[in-house]
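Whatever order the structure lists ligands and atoms in, that order sets their numbers, starting from 1. Along the sequence shown, the residues carry numbers beginning at 1.
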Amino acid sequence: MRQIVFVTNNQHKLIEIRHLAKDKFQIQSLQDVDFNYDIPETSPTLEGNALEKARFFYKKTGKNCFADDTGLEVHALGGLPGVNSARFASDHDYNKNMMHLLELMKDIEDRRARFRTVIALILDGKEFLFEGIVNGHITYEPRGQNGFGYDPIFVPQGDNRTFAQMTLDEKNLYSHRQKAFSKLIDFLQNVSS
Ligand code: ITT
């Protein structure tokens, strides 16, 4: 099995995953398979949402697929924005969401945070989950132009640059998505060998 559909409407995620998959797997987008539905995302957990997205696609097409749900979890805010990361201040407005978080945290000294990705895979009707976590901290101001979402305000442990100040290869050395996706790739390589 060398081909699989990534159920996402987020072009940044697609670029990251294709970069990681390189010549190992051909990652098909929703456009590639002509899938034009609104995909529901109604669960209170990352696991639930990742499964909901993958199941919705699988039920309509019967094609093997995976979906990613990701949240930024801030320690001092009890894990917020978490599963609501895309809609924290405004739906999919990266800048508004980021500035809202910085405003909430302006007097908070404990800047610890983590990104957590859950990938749900559906393979011949069977479901599997893979998790990736990167610990780090939130800056006081945005820095850098690369990446997307909260990348300009997140510094991973072991570095002093934000994800937005890194190339994609550098972000992938640390990232939550890379960790979850490596587990998925290992799994797929084992089942297809
Ligand atoms: P799909 O559901 O279509 O995959 P989405 O953008 O809605 O795309 P999520 O619900 O998983 O995806 O994403 C939640 C938000 O978390 C996303 O909109 C970004 O603001 C943020 N986010 C996710 N991954 C990120 C990353 O690698 N770096 C920075 N922010 C990220």
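- A cation-pi contact links Lys60 to Phe56, judged by a cut-off of 6.0 Å to the six-membered ring centre and 45° from its axis.
- Residues Phe6 and Phe25 are not in side-chain contact: their nearest non-hydrogen atoms beyond the backbone lie 4.5 Å or more apart.
- Ion pairing between a basic and an acidic side chain is recognised when a charged N comes within 4.0 Å of a carboxylate O; Lys106 and Glu103 show such pairing.
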Check ligand 1 against the protein and report each N/O to N/O distance under 3.5 Å, formatted as atom name, atom name, distance.
from: ligand 1; atom 1: 2 (O); to: Glu41; atom 2: OE1; distance (Å): 3.2
from: ligand 1; atom 1: 2 (O); to: Lys53; atom 2: NZ; distance (Å): 2.6
from: ligand 1; atom 1: 3 (O); to: Thr8; atom 2: OG1; distance (Å): 3.4
from: ligand 1; atom 1: 3 (O); to: Asn9; atom 2: N; distance (Å): 2.8
from: ligand 1; atom 1: 4 (O); to: Thr8; atom 2: OG1; distance (Å): 2.6
from: ligand 1; atom 1: 4 (O); to: Lys13; atom 2: NZ; distance (Å): 2.9
from: ligand 1; atom 1: 6 (O); to: Asn10; atom 2: ND2; distance (Å): 3.0
from: ligand 1; atom 1: 6 (O); to: His92; atom 2: NE2; distance (Å): 3.3
from: ligand 1; atom 1: 7 (O); to: His92; atom 2: NE2; distance (Å): 2.7
from: ligand 1; atom 1: 10 (O); to: Glu41; atom 2: OE2; distance (Å): 2.9
from: ligand 1; atom 1: 10 (O); to: Asp69; atom 2: OD1; distance (Å): 3.2
from: ligand 1; atom 1: 11 (O); to: Lys13; atom 2: NZ; distance (Å): 2.7
from: ligand 1; atom 1: 11 (O); to: Asp69; atom 2: OD1; distance (Å): 3.3
from: ligand 1; atom 1: 11 (O); to: Thr70; atom 2: N; distance (Å): 2.9
from: ligand 1; atom 1: 12 (O); to: Lys13; atom 2: NZ; distance (Å): 2.9
from: ligand 1; atom 1: 24 (N); to: Arg177; atom 2: NH2; distance (Å): 2.9
from: ligand 1; atom 1: 27 (O); to: Lys171; atom 2: NZ; distance (Å): 2.8
from: ligand 1; atom 1: 27 (O); to: His176; atom 2: NE2; distance (Å): 2.8
from: ligand 1; atom 1: 27 (O); to: Arg177; atom 2: NH1; distance (Å): 2.9
from: ligand 1; atom 1: 28 (N); to: Asp151; atom 2: OD1; distance (Å): 2.6
from: ligand 1; atom 1: 28 (N); to: Lys171; atom 2: NZ; distance (Å): 3.4
from: ligand 1; atom 1: 30 (N); to: Tyr150; atom 2: N; distance (Å): 3.1

What side-chain donor-acceptor pairs closer than 3.5 Å can you find for residues 132-149, not counting sequence neighbours?
from: Thr139; atom 1: OG1; to: Glu141; atom 2: O; distance (Å): 2.8
from: Arg143; atom 1: NE; to: Gln165; atom 2: OE1; distance (Å): 3.2
from: Arg143; atom 1: NH2; to: Asn160; atom 2: O; distance (Å): 2.9
from: Asn146; atom 1: ND2; to: Met166; atom 2: O; distance (Å): 2.9

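- The structure places CG of Leu121 at 5.5 Å from CG of Leu188, a figure rounded to the nearest 0.5 Å.
- Put simply, the side chain of Arg87 reaches to within 4.5 Å of the side chain of Glu41, judged on heavy atoms.
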